[in-house]
Structures are given as C-alpha cells and as structure tokens.
Amino acid sequence: MGWYNMDVMLKQDKGLKFRRNRVFAVILLVVIIFGVGFLFWSWQGQKERLDVAQEEGIEEEDFGNTADLPDVRETEELEQECYFIGRNLERYLAYMKNNPELSMSEVVRNVNSNLDRTRYVDVKDADLSYGVLAMVNKFNYLGGYEPDDLVRLGEGYSNSTAPMLRREVAEAFVKMADAARSEGLVLMNISGYRSYSLQEWLYNNYAAQDGYELADTYSSRPGYSEHQAGLATDINSVEVSFANTAEFRWLQAHAAEYGFILRYPDGLEYITGFSYEPWH
C-alpha cells in the first residue's frame, strides 16, 4: 500500500512538473510573439516616419535621434490644415514641440508668419517675381529696390508729398475711392511710395525720438517697408481714431474687393510686428 502511494505521488509530481513546464513554455512563446510584434511595429513606425521625412524633403541626418523623426499622425493632421506648406514641415514639428499648448492651426499660422524666427535677423531677399503679391516685411528685404511702374495719383485722390503708387495699385485705389465717393465718403492717399532714402530718414528720426526698440513697433527699417515696394497707401489719417470713421468701416467691408487689406490689424501685433494701423 505504501509503495503504491509513493508511485502515485511520483506520477502526480511528474505530471505537475510537466504541466508547469508546459505553462512556462506557453508564456515564453507568448512573450516571444509579442516581443517580435513590438519590434516589427516599432520598425514599421520608424520606417513610415522616415518615409514621411523623405517625402517632405527632410533628410534623416537632420534629426538628432529617432524620437525627433516626424510622427506620422501629427504629420497627417498638419497636412489637413488649409494653410499647410510642405517645405515648412520640419519647422512645424519643432515649433509644436516647443509650444505643446498650441493647436495645429496655431502652429501652422505662426510658423507661416515666421514666429519661429527672429525679425531683421533671419532675413532673405524679397521675391519680386510675384508682382503686387510680393511679401515685404521684417523677414523679406528689398534693398535699394525702386519700382519701374510708379504713377502719380491724380487730383482728388492724394493729399501727400508721396503721391505715387505702382500702376496696378494706383488704378485699384482710384476705383476704390470712386466707389466710396459714390456713397458720400472720401478716401485720400496721404502716403504712397517712399524711397529707401526717405524711409531711412523717417526711421532714424523716429528712433532718435523714441529709441530703436519702440520705433520698430511702428516704423519699418529702410529696405523693409511696403511703401518702398509701392504697394501700400496710408489713407486719410495716421491716427488710431480713423478706426471710428465711416470711411474706415466702408474699407473694412469693401477694400478687399479692390485688392487691399488692412495690413496691421488690432490684436495681431505679435504676428505683424507692428502696432495697430487702421489707416495702412
């Protein structure tokens, strides 16, 4: 009876060990499968991010490590933004990383406005091939440029020592002023084209009066002014109170119909780099 019990116990012990080994083998197999799967998933994700980087013209060596490679989901979300620019992808991702509280739309808007760069430092030559759509600001430099199609605004359209605009702009201004006049309103150019030297003189006077830091908030440095491009006009007044006039309200409603925009709106100083100018 005793030998029988021992034999049974030995068989049970062997069975228990077998079952334990089988459970261990199953667990090990599961771990291996999940490990291989995770490694494949990681590799696939990195490959997709590299593919995205290459599609957008970003070289792999531009990233410090794999954590810096563009996230596929973030990239896809950025691409859905209506103002997304492919060549800015690397800048969007870097700006997003440094400003995680911003939405995708804010990231795209701010980078497109060069808020990730330094005004008057990260500068390039203004691309004048766009004609009247040329971008001129604190990042785009005109140098000594002078338009070759300047025309003088006629009597009744300008009350200024700077009465000239580029031809297309001048024609649009006249049409706009005539439309306003038909409603009993008067729009007069009080400052149109300014040469490099005139802008230099104005800016230096403002800087001598208020200091360079303050002058930069309301006056362009020479070579960076929309007025030098012949594309800008100051209308009726250079006082903020112009915003309270019927003419300003009319411009808000109709200026875009003639190709003009309010260039330095209230509340967007951090984007434009200039204080509010309802007349510009």
Side-chain angles (χ1 to χ4, degrees), residues 37-130 133-143 145 212-226 229 231 261-277:
F38 176 77
L39 289 174
F40 177 78
W41 175 81
S42 298
W43 173 83
Q44 186 67 23
Q46 181 174 335
K47 182 177 181 300
E48 289 181 3
R49 295 162 76 193
L50 283 168
D51 290 342
V52 168
Q54 290 172 358
E55 288 175 5
E56 300 297 342
I58 304 171
E59 299 297 331
E60 181 178 357
E61 56 267 23
D62 291 338
F63 296 91
N65 53 60
T66 56
D68 294 328
L69 291 173
D71 180 89
V72 174
R73 179 186 56 79
E74 290 177 344
T75 299
E76 290 176 347
E77 290 181 11
L78 283 167
E79 290 175 344
Q80 298 306 310
E81 294 294 327
C82 61
Y83 297 113
F84 172 85
I85 299 173
R87 67 176 180 273
N88 286 347
L89 176 60
E90 184 179 359
R91 292 171 59 194
Y92 295 142
L93 293 166
Y95 192 77
M96 184 187 306
K97 184 176 181 180
N98 294 328
N99 300 275
E101 75 283 0
L102 298 181
S103 68
M104 292 286 186
S105 296
E106 290 171 324
V107 167
V108 169
R109 179 196 63 192
N110 290 0
V111 170
N112 289 354
S113 301
N114 288 322
L115 297 193
D116 59 330
R117 295 180 171 172
T118 304
R119 296 183 177 110
Y120 292 133
V121 174
D122 298 315
V123 172
K124 63 181 180 180
D125 291 337
D127 187 347
L128 300 174
S129 66
Y130 289 102
L133 297 179
M135 175 65 73
V136 181
N137 57 21
K138 297 180 180 184
F139 298 100
N140 295 274
Y141 182 58
L142 285 167
Y145 168 76
Y212 288 100
E213 184 175 354
L214 183 57
D216 278 337
T217 67
Y218 64 84
S219 179
S220 293
R221 297 182 187 181
Y224 294 90
S225 173
E226 289 184 327
L231 302 175
I261 62 168
L262 176 61
R263 187 63 179 88
Y264 307 129
D266 190 19
L268 293 181
E269 291 84 354
Y270 73 102
I271 288 181
T272 66
F274 287 99
S275 56
Y276 179 37
E277 293 188 359

Compile the donor-acceptor pairs under 3.5 Å between side chains in residues 261-269 and protein atoms, sequence neighbours left out, one pair per line.
residue : atom : partner : partner atom : Å
R263    : NE   : E226    : OE2          : 2.6
E269    : OE1  : G267    : N            : 3.1
E269    : OE2  : G267    : N            : 3.4

Given side chains that start at C-beta, do those of [X] and [Y] come closer than 4.5 Å, heavy atoms only?
X    : Y    : result
N110 : D116 : no
D122 : N114 : no
D127 : N140 : no
E277 : T272 : no
V111 : I85  : no
F274 : N137 : no

Subject >> Inter-residue atom distance S220.OG - Y120.OH, 0.5 Å rounding >> reply: 5.0 Å
Original post:
Roughly how far, to the nearest 0.5 Å, is the CG atom of L78 from the CG atom of L89?
Top reply: 6.5 Å
Considering residues at least two apart in sequence or located in another chain, which fulfil the side chain to side chain contact (heavy atoms under 4.5 Å, CB included) criterion with [X]?
X    : value
T217 : L214
S103 : S105, E106
S275 : Y218

Taking every non-hydrogen atom, the tightest pair across [X] and [Y]:
X    : Y    : result
L231 : A134 : CD1-O, 4.2 Å
Y270 : R119 : O-NH2, 2.7 Å
L142 : S225 : CD1-O, 3.5 Å

For [X], which residues count as a side chain to side chain donor-acceptor pair (under 3.5 Å) partner, sequence neighbours excluded?
X    : answer
N88  : R91, N112
D125 : none
E77  : R73
Y83  : none

**OP:** Inspect the surroundings of OH in Y130 and state if more than 12 heavy atoms from other residues, nucleotides or ligands are less than 6.0 Å away.
**Re:** no
Original post:
Under the ring pair (Phe, Tyr, Trp, His ring centres under 6.0 Å) test, which residues partner Y92, sequence neighbours left out?
Top reply: F84
Subject >> Backbone of R109 reached by a side-chain donor or acceptor of S113 within 3.5 Å >> reply: yes
Original post:
If you look only at pairs with a residue in residues 212-221, which of them pass as a salt bridge (charged side-chain N to carboxylate O under 4.0 Å, His left out), with sequence neighbours excluded?
Top reply: D216-R221
